[in-house]
Amino acid sequence: MIGVRVALRVRMSAHDAHYAGGLVDGARILGLFGDLATELLIRLDGDEGLFRAYETVDFLAPVYAGDFVEATAELTAVGRSSRQMRFEARKVISNLRADWPGVEMDSTRPAPSAAEVLEDPIVVARATGTCVVPAALQRKPRELYLPGLPAGPEPGAAAIVTPPSTRSESDVILTAAIVGAELTRAQTPYLPLTPEEVADEAARCREAGAAIIHLHVRTDDGNNTQSAERFAQVIEAIRRKCDCIIQPSTGGAVGMSIEERCGPLACRPEMATLNCGTINFGDEVFVNSRPDIRRIAEKIRNAGAAAELECYEVGHVAEGLALASEGAVTPPLHFQFVLGVKGAIPAREDVLLLMRSLVPPDASWGVAALGRYQQPLTELAMRLGGHARLGLEDNIYVGKGVLADGSSPLVARAAAYARSMGRQPADPPRARVLLGLGVNL
């Protein structure tokens, strides 16, 4: 039962519109959340229970008559009689009439009945709340939905529960990807280039909740480089400012040789990325042959670093497991699912669930998702017990059309979300323990 969501989808009718222009009031959305909470309680306890209170409610976008709204609820904690839940409502179909209030239909205006399926659903509301089912009304034994756990805490206490495979992972490791190989100052003025700029941003990300700095470096004029000398300068600057795990990329940029890509390993970092296969990368091809993957894995091992297994396709997960079986990489394994690269696997929930299912229980995994998919897919990863990568390398916006003034606001938002669901962002010392790293500072 724990970790399974319930959902419903409804069309907002004219009767739901409470304000001018066909605007639906927030109480209608809260009513959907209440119905979902009731279903969860029935599935859990065989009783409708009572909704005690909302802890948080955020209305994020307007809803109009004619819109279709999909709402979900998920159980996050269980006490003796209390049940904590998390809710989300997304607009999946938009009625276009709301864009033209009070305008007569003509050849340039949509008809009042015009509507569109949204390629990217819009989150209209999020909430957390607590329901209560008195013990005398709980008709289902606790062990049916919490197998292997004790009978429960004292009355009034709440115990955070997660799926069995992630029950020990209350900590979440946040990685900040603050530079990248493709981003330019023309796209965002907040891209750090010099060693001091990168170090300052790393320190801000550490303060926001990041434990790992995923690192590409640039020359002062913005050109991508895998120079060991430049990496050494940047790493030294970061270490003066914070204690984060520094994770250089051995991917570099498309077209670089293996020797060039492995330049930063001369700095003997604690971790380094290992790309686990070839992909179409936009209009280019990022080549990682199986022999080359093993060459890089050997160089990472010889540098005393742990490999983060970068997976842009489902087959890359299998390749990471093959590397482990050959002894090319050593446990504990850590996988990073990179979702949404054009030409590679898309950023979708079903994709993430499939890739996660291939990872062995004793391995850890996280998600990096590109552009507008960064927030929803990393939040999903955290809900599923995984970790998350945030930052300008993957996404330069903090909201639609609003540039993030660095990677730290993206990290801070993810950290706040993690805390809202009972997971604590791991500090660097704790992350080193979780990842099985030796301290190499």
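Sequential numbering from 1 along the given sequence is applied to the chain's residues.
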Exercise. Should R139 and D45 be marked as a salt bridge (Lys or Arg N to Asp or Glu O under 4.0 Å) after you check the CA-CA gap, both sets of side-chain angles, and the distance that decides it?
Worked result: CA-CA 6 Å; R139 300 190 302 109; D45 296 303; over 6 Å; no
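- Counting heavy atoms from C-beta outward, E70 and L8 have side chains that stay 4.5 Å or more apart.
- With a 4.5 Å cut-off on side-chain heavy atoms, V285 and V254 do not count as touching.
- With respect to R423 and D171, no salt bridge is recorded, no charged nitrogen being found less than 4.0 Å from a carboxylate O.
- Remark: side-chain polar atoms of T76 are not paired, donor with acceptor, to backbone N or O of R86 under 3.5 angstrom.
- For the pair S249 (side chain) and H216 (backbone), a donor-acceptor distance under 3.5 Å is absent.
- Between R185 and E197 a salt bridge is recorded (basic side-chain N to carboxylate O distance below 4.0 Å).
- Between the side chains of T175 and H214, no donor-acceptor pair is found at a separation under 3.5 Å.
- Between the side chain of Q187 and the backbone N or O of T184, at least one donor-acceptor pair lies under 3.5 Å.
- Between H316 and E310 there is no side-chain heavy-atom pair separated by less than 4.5 Å.
- Side-chain contact between I173 and L435 is present, with at least one heavy-atom pair separated by less than 4.5 Å.
- Contact annotation: the side chain of V179 never approaches that of E201 to less than 4.5 Å [non-hydrogen atoms, C-beta and beyond].
- Within the 4.5 Å cutoff, the side chain of V124 has no heavy atoms near those of the L60 side chain.
- E308 places no side-chain N or O within donor-acceptor distance of the main-chain N or O of M271, the cut-off being under 3.5 Å.
- At least one donor-acceptor pair closer than 3.5 Å links the side chain of R413 to the backbone N or O of V398.
- Note that the CD atom of E119 and the CZ atom of R372 stand 5.5 Å from one another [nearest 0.5 Å].
- R383 and E349 are not joined by a salt bridge, as no carboxylate oxygen comes within less than 4.0 angstrom of a charged side-chain nitrogen.
- Side-chain contact annotation: S82 with T130, donor-acceptor N/O pair under 3.5 Å absent.
- Contact check on D67 versus R11 returns no salt bridge, with no Lys/Arg side-chain nitrogen under 4.0 Å from an Asp/Glu carboxylate oxygen.
- Judged purely by distance below 3.5 Å, without hydrogens or angles, the side chains of E270 and Q247 never pair a donor atom with an acceptor atom.
- Minimum heavy-atom separation, A306 to L437: CB-CD2, 3.5 Å.
- The closest side-chain heavy-atom distance from P360 to L321 is below 4.5 Å.
- Listed for the N275 side chain is no donor-acceptor partner under 3.5 Å among the backbone atoms of G277.
- Using the six-membered ring where Trp is involved, F51 and Y54 have ring planes that are tilted, between 30° and 60° apart.
- Side-chain atoms of K91 come within 3.5 Å of backbone N or O of P62 as a donor-acceptor pair.
- One side chain, S13 or D16, offers a donor N or O that lies under 3.5 Å from an acceptor on the other.
- A donor-acceptor pair under 3.5 Å is absent between the side-chain atoms of R126 and the main chain of A89, judged by distance alone.
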